[in-house]
Amino acid sequence: MLPDAAALPAPARALIAAVGRTPLVELPFVAEVAPGTRLFAKLESVNPGGSIKDRPVARMLVEAWRAGIFAGGRRLLDSSSGNAGISYAMLGAALGVGVTIVVPGNASRERLDRMRAHGAELIVTDPIEGYDFALREARRLAEAGPDRYWHCDQYSNCHNWLAHFDGTAEEIVTQLSELGLGPPDALVAGIGTGGTLTGTGRRLRQANPHTHIAAVIPETFPGIEGLKPYGSPGDIVPELLDATLIDETLAVTSDQAAAMCARLARLGLYVGPSSGAFVHAALEVASQRRYPVIVTFLNDTGERYVSTGMWQQIATLRHT
């Protein structure tokens, strides 16, 4: 659910109107590990920017626009591994707002190209420095240039998690109800900014206080785009993450994520590695046979990762 966008420029209104109300698709192969369990995933690639990040970015920018943040030509600044950056660039272009994104150097070429296509300025950091270095660099730039930049800071901006509380979770409850089901027994999500897990988890816990919440944790290297390591000394914990919601953490490797992406593609679902990681973890939760209805997310499109070699690697494995 987004705030009233009537005062925005027409291109921005049209894009924002297309955000959300994504399909809830059922993944039948859960029956292999837990007969009788039902596993559903929100198909977020149908958002206009191609990912779940359109939801929080649209809300954060609408609120900033209404507050007059961009008056006088201030630029939007944030760090992103790619998907939020695309949403910022897309909606910034529609709003006529300049956008600067600090991006880790391991972001896929497709993501970088899309951001540049919308006119965003990119500051690409050393991939060896990791996800958190880009976050720190954005904060440094914001402190050095407060008149030049408005630091949206998706890691602490409350409208990030509120977009999922009011929108994503409400859709899940409504869509399950239309299938004759109650709120889910388990939610599986990862941690990038923590917005999806926090906002969706809080709302689902209101609907069902017993909803089990599992957090997907990637390996530190090579990592999984869109997910940040969490729990090791030195890892930045996003300010808006409500860690008290987490009942279980599940480690997933990039190989496991890629293998699940291949399996999802055979169902017609062409998704990126974070989606594969979520579904892999959801099957682990299902295998416990304690949660009859499980919900997770298919966060973005697999077309965003062709240049990484992920799909070629999968094809090679199939023929060996």
> Same cluster or not: Val237 versus Ile217, using hydrophobic residues (I, L, V, M, F, W, Y) connected whenever any side-chain heavy atoms lie under 4.5 Å apart?
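They do share one cluster, since a chain of ILVMFWY contacts under 4.5 Å joins Val237 to Ile217.
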> Determine whether Thr100 and Glu121 satisfy the following criterion, side-chain hydrogen bond (donor to acceptor under 3.5 Å, both in side chains), listing intermediate values before the conclusion.
CA-CA 5 Å; Thr100 298; Glu121 173 189 40; 2.5 Å; yes
> Quick one: do Ser51 and Asn299 satisfy side-chain hydrogen bond (donor to acceptor under 3.5 Å, both in side chains)? Show the steps, please.
CA-CA 6 Å; Ser51 84; Asn299 300 300; over 6 Å; no
> Is a side-chain N or O of Glu171 found less than 3.5 angstrom from the main chain of Arg21, in a donor-acceptor match?
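Answer holds: yes.
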> Quick one: do the Glu170 and Gln175 side chains pair a donor with an acceptor below 3.5 Å?
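Judged by distance alone, the side chains do not pair up.
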> Do the non-hydrogen side-chain atoms of Ile172 and Thr200 ever get within less than 4.5 Å of each other?
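In contact.
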> Tell me every residue that passes side-chain contact (heavy atoms from CB on, under 4.5 Å) with Ala89, counting only those two or more places apart in sequence or in another chain.
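If we apply the side-chain contact (heavy atoms from CB on, under 4.5 Å) test to Ala89, skipping adjacent residues, the hits are Met115, His118, Ala120.
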> According to a hydrophobic-cluster definition based on side-chain heavy atoms being under 4.5 Å apart (Ile, Leu, Val, Met, Phe, Trp, Tyr only), do Leu77 and Val57 belong together?
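Each belongs to a different hydrophobic cluster.
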> Drop me the distance from Thr301's OG1 to Glu44's CD, to the nearest 0.5 angstrom.
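If we round to the nearest 0.5 Å, Thr301:OG1 and Glu44:CD are 13.0 Å apart.
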> Between Asp242 and Thr244, is there a side-chain donor-acceptor contact under 3.5 Å, judged purely by atom types and distance?
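Judged by distance alone, the side chains do pair up.
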> Under a 3.5 Å cutoff, is there a donor and acceptor pairing between the side chains of Thr193 and Asn160?
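The answer is yes; a qualifying pair exists.
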> Examine the side chains of Glu219 and Ser254 and answer whether a donor and an acceptor come within less than 3.5 Å of each other.
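There is such a pair between these side chains.
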> Between Ala277 and Ala257, which heavy-atom pair has the shortest distance, and what is it?
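That closest heavy-atom pairing would be N-CB, 3.7 Å.
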> Could you go step by step and tell me if Asp166 and Arg203 meet the salt bridge (Lys or Arg N to Asp or Glu O under 4.0 Å) rule?
CA-CA 8 Å; Asp166 293 330; Arg203 177 63 186 91; over 6 Å; no
> Please tell me whether Leu135 and Phe133 are part of a single hydrophobic cluster in this structure, the criterion being side-chain heavy atoms less than 4.5 Å apart.
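Leu135 and Phe133: separate clusters.
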> For residues Leu91 and Ala58, report the shortest heavy-atom separation together with the two atoms involved.
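Taking every non-hydrogen atom into account, CD1-CA, 3.7 Å.
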> Thr22 and Arg55: side-chain donor and acceptor closer than 3.5 Å?
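Indeed, the side chains of Thr22 and Arg55 share at least one donor-acceptor pair under 3.5 Å.
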> Would one find more than 12 heavy atoms of other residues, nucleotides or ligands at under 6.0 Å from atom CD of Glu239?
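No, CD of Glu239 has 12 or fewer neighbouring heavy atoms, counting only those of other groups under 6.0 Å.
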> Is any side-chain N of the basic residue among Arg38 and Glu26 closer than 4.0 Å to the acidic one's carboxylate O?
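Salt bridge flag = yes for Glu26 with Arg38.
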> With the 4.5 Å side-chain cut-off for hydrophobic clustering, are Tyr291 and Val293 part of the same group?
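Yes, same cluster.
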> Any non-hydrogen side-chain atom of Ser87 less than 4.5 Å from a side-chain atom of Asp54?
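Answer yes - side chains close enough.
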> Compute both the distance and the angle, then confirm whether Arg75 meets the cation-pi test with Trp150: under 6.0 Å from the six-membered ring centre, within 45 degrees of the axis.
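Not satisfied by the 6.0 Å and 45° rule.
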> Are any non-hydrogen side-chain atoms of Leu267 and Pro28 less than 4.5 angstrom apart?
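The answer is yes; the side chains approach within 4.5 Å.
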> For Val102 and Ala134, which heavy atoms make the closest approach, and how far apart are they?
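Heavy atoms of Val102 and Ala134 come nearest at CG1-O, 3.6 Å.
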> Report the C-alpha distance between Leu197 and Ile213 in whole Å, list the side-chain angles of each, state the deciding distance to 0.1 Å, and finish with yes or no for side chain to side chain contact (heavy atoms under 4.5 Å, CB included).
CA-CA 8 Å; Leu197 188 150; Ile213 298 178; 4.1 Å; yes
> Show the nearest heavy-atom pair for residues Arg114 and Ile86, with the distance to one decimal.
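Minimum heavy-atom separation between Arg114 and Ile86: CG-CG2, 3.6 Å.
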> As a quick check of understanding, evaluate side chain to side chain contact (heavy atoms under 4.5 Å, CB included) for Phe70 and Leu76, giving each step before the final call.
CA-CA 8 Å; Phe70 303 113; Leu76 184 155; 4.0 Å; yes
> Could you tell me whether Arg140 and Glu137 have a side-chain N and a carboxylate O separated by less than 4.0 Å?
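Glu137 and Arg140: salt-bridged.
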> Within the structure provided, determine whether Pro183 and Arg205 are in side-chain contact (heavy-atom separation under 4.5 Å).
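Not in contact.
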> How about Val295 and Val188: do any of their side-chain heavy atoms sit closer than 4.5 Å?
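Heavy-atom side-chain distance check fails, nothing below 4.5 Å.
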> Between Leu187 and His212, is the side chain to side chain contact (heavy atoms under 4.5 Å, CB included) condition met? List the steps.
CA-CA 6 Å; Leu187 171 71; His212 180 82; over 6 Å; no
> Hey, what do you get for OG (Ser79) to CZ (Arg136), rounding to the nearest 0.5 Å?
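Going from OG on Ser79 over to CZ on Arg136, the span is 11.0 Å.
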> Side chains of Pro23 and Val46, heavy atoms from C-beta outward: is any pair under 4.5 Å?
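With C-beta onward as the side chain, the pair touches.
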> Looking only at heavy atoms, what is the nearest atom pair of Gln154 and Leu240, with distance?
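Closest heavy-atom pair between Gln154 and Leu240: O-CD2, 3.3 Å.
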> Atom NE2 in His151, atom CG in Asp78: separation rounded to 0.5 Å?
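Atom-to-atom, His151:NE2 and Asp78:CG are 4.5 Å apart.
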> Please determine whether side chain to side chain contact (heavy atoms under 4.5 Å, CB included) holds for the pair Ile52 and Asn83, giving the CA-CA distance in whole Å, both sets of side-chain angles, and the decisive distance to 0.1 Å.
CA-CA 8 Å; Ile52 195 170; Asn83 278 335; over 6 Å; no
> Answer with yes or no whether the hydrophobic clustering places Tyr149 together with Val99; edges join I, L, V, M, F, W, Y residues whose side-chain heavy atoms lie under 4.5 Å apart.
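No, separate clusters.
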> Report the distance from atom NE2 of His280 to atom OG1 of Thr296, rounding to the nearest 0.5 Å.
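Here the rounded value is 12.0 Å.
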> Determine, stepwise, if the pair Gln256 / Glu284 fulfils side-chain hydrogen bond (donor to acceptor under 3.5 Å, both in side chains).
CA-CA 12 Å; Gln256 289 169 330; Glu284 289 192 28; 5.2 Å; no
> Can you tell me how far the CD1 atom of Ile123 sits from the CD1 atom of Ile101, to the nearest 0.5 Å?
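Answer for the CD1-CD1 pair, Ile123 versus Ile101, is 9.5 Å.
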> Strictly distance-based, threshold 3.5 Å: is any side-chain N or O of Thr198 a donor or acceptor partner for the main-chain N or O of Trp161?
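Between the backbone of Trp161 and the side chain of Thr198 there is no qualifying donor-acceptor contact (under 3.5 Å).
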> Can you tell me if Arg109 uses its side chain to pair, donor with acceptor, with the backbone of Tyr305 under 3.5 Å?
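Not a single qualifying donor-acceptor pair exists.
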> With a 4.5 Å cut-off on side-chain heavy atoms, are Leu112 and Leu122 touching?
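Result yes, sub-4.5 Å side-chain heavy-atom pair found.
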> Does a side-chain heavy-atom distance below 4.5 Å link Ser45 with Val271?
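In short, these two side chains do not touch, never coming nearer than 4.5 Å.
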> State plainly whether the residues Arg111 and Glu225 are in salt-bridge range, i.e. N to O under 4.0 Å.
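A salt bridge is present here (some side-chain N lies under 4.0 Å from a carboxylate O).
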> What are the two closest heavy atoms between Ala286 and Val33, and how far apart are they?
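Scanning both residues completely, I find the closest heavy atoms to be CB-CG2, 4.2 Å.
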> When rounded to the nearest 0.5 angstrom, what is the spacing between CG in Asp300 and CG in Asn47?
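That separation rounds to 11.0 Å.
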> Is the NZ or CZ atom of Arg263 positioned over Phe29's six-membered ring, under 6.0 angstrom from the centre and within 45° of the axis?
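Because its charged atom sits under 6.0 Å from the ring centre and within 45° of the axis, Arg263 does stack over Phe29.
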